[in-house]
Amino acid sequence: MLTSPFALACPTRRAMHSGRAIEDPIMGSVPVNELKQHIGKQVQLKGWLYNRRGSGKLLFLQFRDGTGIVQCVLGKADVPEPVFETAKRIGNESSIVITGTVKEDTRSTLGVEVLASDLAVIQEVHDYPIQITQDVPNIDKLLDQRHLWVRSRTPHAILRVRSEVVQAIRDFYYNKGFVLFDAPMFTPASCEGTSTLFEVPYFESTAYLSQSGQLYGEAGAMAFGKVVVFGPTFRAEKSKTRRHLTEFWMVEPECAFLELDGVMDLAEEQVRYVVARALDRCKEDLKVLERNTALLEQVTKPFPRVSYDDTQQLLQKLKAEYSTSSDPELQKLGKDILKGGLGDDLGAADETAIGLHYKQCVMIHRYPRHVKAFYMKKDPQNAERALCVDVIAPEGVGEIIGGSQREDSLEELLSQIEKHQIPMDSINWFVDLRRYGSVPHGGFGMGVERCVQWITGCQHVRETIPFPRTIYRLNP
RNA sequence: UCCGUGGUAGCUCAAUGGUAGAGCAUCCGACUGUUAAUCGGCAGGUUGCUGGUUCGAGUCCAGCCCGCGGAGCCA
């Protein structure tokens, strides 16, 4: 390790050989989240003024550098007069360099604070548009300032969790030997034949932004065995709910020789891995978000696997139960259960009720074929059912995963394509996969934002992506 | 697309049809241990737009614009 060329990149190692704590090799300063390793040392901090409290002779600067927030204390007697005057004057988000000594302090949540000896201003700011306030935030107004809002504590914590979730997903599939198989964003036509697509001029013709990489993933599975498609997808539906974005990220594993039970095993294992990793590595962020992790910790238990037909029974029971509840919210939920009637697709209320009942992730399998996509395999036990599964997350989050065993019979697939009126010339390449060495296979898609929404407890998925795109928001 | 709901100070919100208000932020001042600091003070407004009713409209009526929540669709 010591001879590794990467050793130079480790700030703590260099710090040990010098009286002056050295710097993060990238930002040229000591990151706030590593200050604890430098107690008693002099450090230089580069970043921004997050907030300030204090008195005429003692200032408390809340300093942030992207890795954390630390309190820097400036005593009027301890620094040159102009430095103190500057510290007193500059506004929030002024960019600054602070020099000082790291001190252990139990009053700080970080465990340390910095006794400042000097302060240099890179840019002085006086009119930062976002204020730190006890008011209940108006998310929409803050989203207008999203480019600045991402500096604030809450969005910062959520986006850190997102980063960890994405890395966990990549690690999970990489460690299992999956090949990353990128699907195109420009596609010739609808992959599933139902959703509304964004049209884009494409030279002399029209392209559509991909709403799923899955069909391409199937080509990959026949080439590599296990592949995973991971990228943004686009839906032009005019959905205005807290679960919808027009641009979102989806991870879509696809495996040859994987049948429905295997799809469920993989989905369960992946969700468990991702949630456990966020719980393990994002403790501080989840604390900032005041997330009660009790239900999240249930992911270690097996996910109940319930057939669609059994959910119909359950929902009838829950409808009767909730409708007579004294809680008005439950009563309303009860009213909305099975709104489409028996035998229809599950609605948002149905999913909420199921999540409420099981208080953990539930896998619902074998939906009616007519509510599902054309490429799903017909259940050999029941021609009216598809070999598919949705994973429903609890706490009102709803569907985070949709998957299935794919139709591997050429004849069945062709008849489905005809039934769904999908233009043959844009899908013929996909049918080739059933002409040349078709095998049983399957996979699923997980919405990254919905997963992050569940883990962080966000009210709305738009807070789980740096720059959300919704029907009425294209800026910033 | 449908249903619901909202638009007042930079932000969060008040205001029986009768002088446009508060808290926070900004700015000025006080304070040597603050933890979304506290205290005092100054300033801050075309009440989304257009029209109507009225002696008088933030408030009532009509139309429009722009959001938000939900449904459907989905991840």
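Lettering of chains follows the sequences in order, A, B, ..., and the numbering in each one begins at 1.
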Base, sugar-phosphate, or nothing: which does [X] touch, judged by heavy atoms less than 4.0 Å apart?
| X | value |
| --- | --- |
| A:Gly75 | nothing |
| A:Gly347 | sugar-phosphate |
| A:Gly56 | base |
| A:Leu245 | base |
| A:Gln459 | nothing |
| A:Asn51 | sugar-phosphate |
| A:Ala349 | nothing |
| A:Asp105 | base |
| A:Asp345 | sugar-phosphate |

Return the pairing partner of [N] with a 3.5 Å limit on both distances, Watson-Crick or G-U wobble; otherwise return none.
| N | answer |
| --- | --- |
| B:G17 | none |
| B:G10 | B:C24 |
| B:U5 | B:G67 |
| B:U47 | none |
| B:A57 | none |
| B:G33 | none |

Hey, does the side-chain of [X] have a donor or acceptor N/O within less than 3.5 Å of a partner on the base of [N]?
| X | N | answer |
| --- | --- | --- |
| A:His244 | B:C73 | yes |
| A:Gln71 | B:U34 | yes |
| A:Gln145 | B:G10 | no |
| A:Arg450 | B:C74 | yes |

Measure the distance from [atom1] on [X] to [atom2] on [N] and round it to the nearest whole Å.
| X | N | atom1 | atom2 | result |
| --- | --- | --- | --- | --- |
| A:Met376 | B:A75 | CE | C1' | 12 Å |
| A:Lys103 | B:G33 | NZ | C1' | 10 Å |
| A:Ile139 | B:C11 | CD1 | P | 15 Å |
| A:Lys57 | B:A37 | NZ | C1' | 18 Å |
| A:Gln453 | B:C74 | CD | P | 18 Å |
| A:Lys76 | B:A30 | NZ | C1' | 12 Å |
| A:Glu399 | B:C74 | CD | C1' | 7 Å |

Answer yes or no: does atom CD of A:Gln459 have more than 12 heavy-atom neighbours from other residues, nucleotides or ligands under 6.0 Å?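 Incorrect, the count does not exceed 12.
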
Would you say CZ of A:Phe467 has more than 12 non-hydrogen atoms from neighbouring residues, nucleotides or ligands within 6.0 angstrom?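 Yes, enclosed.
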
Taking the [atom1] atom in each of [N] and [M], what is the distance between them to the nearest angstrom?
| N | M | atom1 | answer |
| --- | --- | --- | --- |
| B:G4 | B:A14 | C1' | 24 Å |
| B:C64 | B:C27 | P | 44 Å |
| B:U38 | B:A25 | P | 7 Å |
| B:U34 | B:C3 | C1' | 50 Å |
| B:C65 | B:G56 | C1' | 28 Å |
| B:G45 | B:U32 | C1' | 40 Å |
| B:U26 | B:G6 | C1' | 28 Å |

Salt bridge check, A:Asp344 against A:Lys339: does any charged N sit closer than 4.0 Å to a carboxylate O?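 No, A:Lys339 and A:Asp344 are not salt-bridged.
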
For the pair A:Glu93 and A:Arg64, find out whether any cationic side-chain nitrogen is under 4.0 Å from an anionic carboxylate oxygen.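 Yes, A:Glu93 and A:Arg64 are salt-bridged.
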
Considering just the side-chain nitrogens and oxygens of [X], establish if one lies under 4.0 Å of OP1 or OP2 belonging to [N].
| X | N | result |
| --- | --- | --- |
| A:Arg242 | B:G70 | yes |
| A:Arg243 | B:G72 | no |
| A:Lys141 | B:U12 | yes |
| A:His460 | B:G69 | yes |
| A:Asn92 | B:A25 | no |
| A:Arg462 | B:G67 | no |

From [atom1] ([X]) to [atom2] ([Y]), nearest 0.5 Å:
| X | Y | atom1 | atom2 | result |
| --- | --- | --- | --- | --- |
| A:Phe303 | A:Ile392 | CZ | CD1 | 12.0 Å |
| A:Phe178 | A:Ile169 | CZ | CD1 | 13.0 Å |
| A:Ile354 | A:Ile364 | CD1 | CD1 | 3.5 Å |

Between A:Arg366, A:Lys372, A:Arg385, A:Arg369, which is the residue that forms a salt bridge (Lys or Arg N to Asp or Glu O under 4.0 Å) with A:Asp379?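 The single option meeting the salt bridge (Lys or Arg N to Asp or Glu O under 4.0 Å) with A:Asp379 is A:Arg366.
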
Would you please test A:Glu113 and A:Asp105 for side-chain contact (heavy atoms from CB on, under 4.5 Å) and show each step? CA-CA 6 Å; A:Glu113 62 178 29; A:Asp105 195 310; 3.3 Å; yes

Pick the nucleotide of RNA chain B nearest each of A:Arg53 and A:Leu346; which residue has the one closer to the 5' end?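 Closer to the 5' end of RNA chain B: A:Arg53.
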
With the criterion set at under 5.5 Å between ring centres and under 30 degrees between planes, would B:A37 be stacked on A:Phe60?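 No, A:Phe60 does not stack on the base of B:A37, since the centre distance and plane angle fail the 5.5 Å and 30° test.
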
Nearest of B:C68, B:C73, B:A36 to any side-chain atom of A:Glu237?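 Given the options B:C68, B:C73, B:A36, the side chain of A:Glu237 is closest to B:C73.
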
